[in-house]
Amino acid sequence: MKSFTNLVVYILLGILWLLVKTLPYRAQMGLGAVLGRVLLHTVRTRREIARANIGLCFPELAARDQEKMLRENFRSLGRGVFETGISWWASESFVRRLVTVEGVDIVERSLEAGRGVLLVGGHFTTLDISCRALGTAIDFDVSYRPFGIPPLDAQVIRGRQRGAGLAIAKDNVRLLLRRLKQNRVVWIAVDQSDTSQGRVAARFFGRLAPSSSSVARIAQAHGCAVLPLFCARREDRTGYLLRIEGPLEDFPSGDPVTDAEQLNSVIEGHARQVPEQYYWIHRRFKGHPDPYSEAGKT
């Protein structure tokens, strides 16, 4: 079974490589939107998870507007597949034409303290292209979560390191800390359910969600600056704006829940700017009662 899975991954990676190498950017984005519409009707469990999340986070929207956001989110997910391919295989000049990076001076000033910098962001459909975009402006390392599929994990590492210095597995905390001690910039995404013992229940879009306390603990122990990072696809599909924001104020506070809610508030603010580009297909609000019970029936 593993050999069959690996073969399928190799074939899909080959198809994506070919499309990225032969199609112009706008054509890739158009094809990505088509892929998103296909996914909307085929990956039913993820569709229902996204539908539940949108309903929980935007209860003020009418049902038809929530469904519109769901459709737009899946189009964005499809485009994200091609953006991942661009981040892995496109030339440096191709990527530079697409991206605008703001806030590099904030990183440079923060590094003057000699304690490293943590860039924190959320899981958006532009995640991989933002890694490559950031690499056009600064030297940094990036964390990643292994999939457990060897050819895919190997490609993720190679792809992330097209933009970053090192790709650090999410559970390799020692390496992350070592890089911070070397006054490096390390980028991590912090908004998916944390399974570690250090997780806390903190509010996200007004609802309690399992949240990480690791960023606050690292900042408390090592004194590194914590800077939010946000990357959005431009509405006219001409490229991306990546913005590095100023250091979080009064962070860490010493209270794990307060710190987690401050991080969640930052990610929520970014998600509200481009809600269709957020990663709604993740089970963000795990707990009791289970808001995804209907998703499990599909």
Undergrad: Kindly indicate whether the side chain of Thr136, heavy atoms from C-beta on, has any atom under 4.5 Å from the side chain of Val99.
TA: yes
Undergrad: Do Thr100 and Arg234 have a side chain donor and acceptor closer than 3.5 Å?
TA: yes
Undergrad: Going by side-chain heavy atoms closer than 4.5 Å, which hydrophobic residues are tied to Val8, directly or by a chain of links?
TA: Phe4, Leu12
Undergrad: Glu276 side chain to Glu72 main-chain N or O, any donor-acceptor pair under 3.5 Å?
TA: no
Undergrad: Quick check with a 6.0 Å cut-off and a 45 degree axis cone: is Arg284 positioned over the face of Phe204's six-membered ring?
TA: yes
Undergrad: Would you say Arg217 and Gln220 are linked by a side-chain donor-acceptor pair, where the criterion is simply a distance under 3.5 Å?
TA: no
Undergrad: Please answer whether the main-chain N or O of Ala209 pairs with a side-chain N or O of Ser211 as donor and acceptor at a distance below 3.5 Å.
TA: yes
Undergrad: Which of parallel (below 30°), tilted (30 to 60°) and perpendicular (above 60°) describes Phe230 and Phe124?
TA: perpendicular
Undergrad: Asp153 and Tyr144: side-chain donor and acceptor closer than 3.5 Å?
TA: no
Undergrad: Quick one: are Gln66 and Lys68 in side-chain contact, heavy atoms under 4.5 Å?
TA: no
Undergrad: Are Phe205 and Trp280 close enough that their ring centres sit under 6.0 Å apart?
TA: yes
Undergrad: Side chains of His270 and Gln277: any donor to acceptor distance under 3.5 Å?
TA: no
Undergrad: Under a 3.5 Å cutoff, is there a donor and acceptor pairing between the side chains of Tyr278 and Asp191?
TA: yes
Undergrad: Would you say the side chains of Thr125 and Arg233 form a donor-acceptor pair under 3.5 Å?
TA: yes
Undergrad: So if I apply the side-chain contact (heavy atoms from CB on, under 4.5 Å) rule between Val185 and each of Val142, Leu118, Leu111, Leu134, which one comes out positive?
TA: Leu111
Undergrad: Picking from Leu242, Val120, Ile188, what satisfies side-chain contact (heavy atoms from CB on, under 4.5 Å) with Leu229?
TA: Leu242
Undergrad: Is the backbone N or O of Val101 less than 3.5 Å from a side-chain atom of Arg243, with the two atoms forming a donor-acceptor pair by type?
TA: no
Undergrad: Quick one about Asp255 and Ser253 (side-chain donor to acceptor, distance below 3.5 Å, no hydrogens or angles considered), yes or no?
TA: no
Undergrad: Taking the side chain as every heavy atom from C-beta outward, state whether Arg115 and His222 have any pair of such atoms under 4.5 Å apart.
TA: no
